[in-house]
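Notes to accompany the following structure.
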Amino acid sequence: MNWMLLVALGAGVGATAGFFGIGGGIIAIPALVYLFKFGQKEAQGTSLMMMVPPLGLVAVYEYWKQGCVGPRNLHAAVFLAVGFVVGSLITSSLIGKVSEPLLRKAFAVFLFLVAGRMFFEK
């Protein structure tokens, strides 16, 4: 596996995360599946591992410096984090029961629905 390509992918994901607030699911997972030949489950787990330290430390700090994150956001983030932990524990424990092809298709449908709603919203 080419570490330079992985760093480049990480930089691209970081750039879209900083700019749009997205990256892991929309860019990293498909890239890991199609460019690096990861399985869908392996790509999803790798994407989650990739995002924990840098997003929590660097990106939020930059948003805070620009006045985009304040006490209100901190309270919301704490409650979101609690929900995130519960939700991710439940679904990650179930992921072994879902086939790779079904998971890949469900992921594609989810992205398609989100993109469609965003595109057609006023």
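The figures that follow rest on heavy atoms only: side chains count, while hydrogens, waters and symmetry mates do not. The model shown is predicted, which means the values in this text are computed figures rather than measured ones.
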| request: To the nearest 0.5 Å, tell me how far Gln44 CD sits from Thr91 OG1. | output: 9.0 Å
| message | How long is the straight-line distance from CD of Gln40 back to NZ of Lys105, given to the nearest 0.5 Å? | response | 11.0 Å
| field | Check against side-chain contact (heavy atoms from CB on, under 4.5 Å), Leu9 and Leu32 | value | CA-CA 9 Å; Leu9 174 60; Leu32 289 170; 4.0 Å; yes
Side-chain heavy-atom pair [X], [Y] within 4.5 angstrom cut-off:
X: Leu94; Y: Ile90; value: yes
X: Glu42; Y: Val33; value: no
X: Thr46; Y: Ile29; value: no

| said: Check whether Lys41 reaches the backbone of Ile95 with its side chain - one donor and one acceptor, N or O, closer than 3.5 Å. | reply: yes
What pairs of donor and acceptor atoms, side-chain ones from residues 107-122 against any protein atom, are under 3.5 angstrom apart with sequence neighbours left out?
unit_1, atom_1, unit_2, atom_2, d
Arg117, NE, Glu121, OE2, 2.9
Arg117, NH2, Glu121, OE2, 3.4

| query | Is there a chain of hydrophobic side chains (I, L, V, M, F, W, Y, each step under 4.5 Å between heavy atoms) that links Ile26 to Leu6? | reply | yes
